[in-house]
Amino acid sequence: MHSSEALNTKQPATGIHPTRFLLILMIVSIFMMFAGLSSGYIVRRNEGNWLEFDLPAGFIYTTLLIVVSSITLQWAWLAARKDNLAQVRTALVVTFALGVAFLVGQWLLWGQLVEQRVFFGGTDANPSGSFLYVLVGLHGFHIITGLIFLIKVLRKSFQYQVHSRQMLSIGNVTIYWHFLGALWLYLYLFLLLNH
């Protein structure tokens with residue numbers, strides 16, 4: 001076998017790195033799950049017996065947190081392209097802190113919903129509240145997976161495995177985090193318009 005043929009056999013058939021391909025599949029599956037839940041929300045709402053309540057105003061602040069965290073992660077990606085590891089690490093830590101603040105904010109807002117007597121389950125529950133908790137909770141779960149991903153990339157940055165010639169891991173986490181931010185913007189607008 002010629003050396004050029006040996007090189008060609010090592011290339012993925014799709015032309016995409018296997019971890020990037022898995023990330024794309026994961027994003028598509030998450031998108032499909034939330035599309036299904038959104039459809040179920042609309043169908044169930046139109047069936048009646050739907051409790052109307054105001055979304056806590058604090059959701060605007062958590063939305064701002066997730067938007068800013070996307071900006072700081074983009075900063076980390078740009079710093080990696082310039083081989084500025086100090087900025088990469090700073091931006092990743094700031095992004096992580098903003099992600100944790102987002103989760104804490106969402107948890108506190110759940111407390112406000114309970115004070116409004118909006119429950120997930122039980123005799124006093126209504127499907128409108130249950131859907132809200134499921135949508136916000138599932139998104140929160142995926143934010144937790146994103147935070148774990150951020151920690152792994154931060155660790156790699158301390159091992160000098162994140163720089164202009166090794167952009168895969170920071171590229172993947174940036175794509176995933178931007179997707180989660182866009183997903184939250186969609187959910188927030190969807191809930192505002194359909195509540």
Side-chain angles (χ1 to χ4, degrees), residues 14 16 18-71 73-74 95-96 98-152 171-195:
T14 60
I16 301 173
T19 57
R20 178 67 54 88
F21 186 68
L22 284 173
L23 175 66
I24 292 167
L25 286 179
M26 188 169 75
I27 286 173
V28 168
S29 66
I30 294 168
F31 174 80
M32 298 288 285
M33 177 175 58
F34 278 94
L37 286 168
S38 299
S39 298
Y41 183 103
I42 292 168
V43 169
R44 179 59 189 87
R45 180 175 182 237
N46 291 336
E47 290 177 357
N49 186 27
W50 191 260
L51 176 67
E52 297 292 342
F53 58 89
D54 293 327
L55 289 176
F59 276 125
I60 190 69
Y61 299 113
T62 56
T63 301
L64 289 173
L65 285 172
I66 205 74
V67 168
V68 173
S69 74
S70 267
I71 293 168
L73 190 51
Q74 191 64 35
T95 303
F96 183 86
L98 289 167
V100 170
F102 173 82
L103 285 176
V104 170
Q106 299 290 78
W107 178 261
L108 294 174
L109 291 170
W110 277 17
Q112 288 184 22
L113 287 167
V114 170
E115 288 173 9
Q116 292 179 40
R117 303 200 47 78
V118 177
F119 301 108
F120 172 73
T123 55
D124 293 332
N126 186 275
S128 62
S130 300
F131 265 106
L132 177 66
Y133 284 109
V134 167
L135 289 168
V136 174
L138 274 176
H139 181 265
F141 168 78
H142 288 97
I143 288 288
I144 291 169
T145 64
L147 292 174
I148 293 167
F149 200 175
L150 279 171
I151 290 171
K152 288 185 175 189
N172 283 346
V173 77
T174 302
I175 291 168
Y176 186 55
W177 197 261
H178 287 339
F179 166 72
L180 293 177
L183 179 61
W184 174 252
L185 288 174
Y186 159 75
L187 287 174
Y188 181 54
L189 290 173
F190 174 81
L191 291 168
L192 277 179
L193 295 173
N194 290 288
H195 223 65

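Along the sequence shown, the residues carry numbers beginning at 1.
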Test side-chain contact (heavy atoms from CB on, under 4.5 Å) applied to Trp110 and Leu108, Val114, Leu113, the passing residue = Leu113
Interatomic spacing from CD1 in Ile151 to CZ in Phe96 - rounded to 0.5 Å = 4.0 Å
Please set out all donor-acceptor pairs under 3.5 angstrom arising from side-chain atoms of residues 50-58, sequence neighbours excluded.
none

Atom of Leu37, atom of Phe131 and distance for their closest heavy-atom approach = O-CE2, 3.8 Å
Would a 4.5 Å heavy-atom cut-off, applied to side chains only, mark Phe31 and Leu183 as touching?
-> no
Value for CD1 (Ile71) from NE2 (His178), rounded to nearest 0.5 Å, stands at 9.5 Å
Value rounded to 0.5 Å, distance of CG in Leu180 from CD1 in Ile175 = 12.0 Å
Heavy-atom closest pair, residues Met33 and Leu138 = SD-CD1, 4.1 Å
So, Tyr41 side chain and Leu132 main chain: donor-acceptor pair closer than 3.5 Å or not?
-> no
Is the shortest heavy-atom distance from the side chain of Phe21 to the side chain of Leu25 under 4.5 Å?
-> yes
From Leu65 CG over to Ile60 CD1, what is the distance, rounded to the nearest 0.5 angstrom?
-> 10.5 Å
CD1/Ile66 to CG/Leu103 distance, rounded to the nearest 0.5 angstrom?
-> 8.0 Å
When rounded to the nearest 0.5 Å, the distance separating CE of Met26 from OG1 of Thr145 is 6.0 Å
Could you tell me whether the side chain of Phe190 reaches within less than 4.5 Å of the side chain of Ile42, counting heavy atoms only?
-> yes
Please identify each residue that fulfils side chain to side chain donor-acceptor pair (under 3.5 Å) with Tyr188, with sequence neighbours left out.
-> none
Contacts of type salt bridge (charged side-chain N to carboxylate O under 4.0 Å, His left out), residue Arg20, not counting sequence neighbours | none
Partners of Leu185 by side chain to side chain contact (heavy atoms under 4.5 Å, CB included), sequence neighbours excluded?
-> Thr63, Val67
Between Ser38 and Tyr186, the two heavy atoms sitting closest are OG-OH, 2.6 Å
Those residues that, when tested against Arg45, pass side chain to side chain donor-acceptor pair (under 3.5 Å) (two or more places apart) = none
Give the C-alpha distance, both sets of side-chain angles, the deciding distance and a yes or no for side chain to side chain contact (heavy atoms under 4.5 Å, CB included) between Leu73 and Leu98.
-> CA-CA 10 Å; Leu73 190 51; Leu98 289 167; over 6 Å; no
So do the side chains of Phe179 and Ile30 get within less than 4.5 Å of each other, counting heavy atoms only?
-> yes
Between His139 and Trp184, what is the ring plane arrangement, given parallel below 30°, perpendicular above 60°, and tilted in between?
-> tilted
With sequence neighbours excluded, tell me which residues meet salt bridge (charged side-chain N to carboxylate O under 4.0 Å, His left out) with Asp124.
-> Arg117
Heavy-atom side-chain contact between Val136 and Leu187 under 4.5 Å = no
Is there a side-chain contact between Trp177 and Ile143, using heavy atoms and a 4.5 Å cut-off?
-> yes
Taking the inter-plane angle between the rings of Tyr176 and Phe149 on a 0 to 90° scale, is it parallel (under 30°), tilted (30 to 60°) or perpendicular (over 60°)?
-> tilted
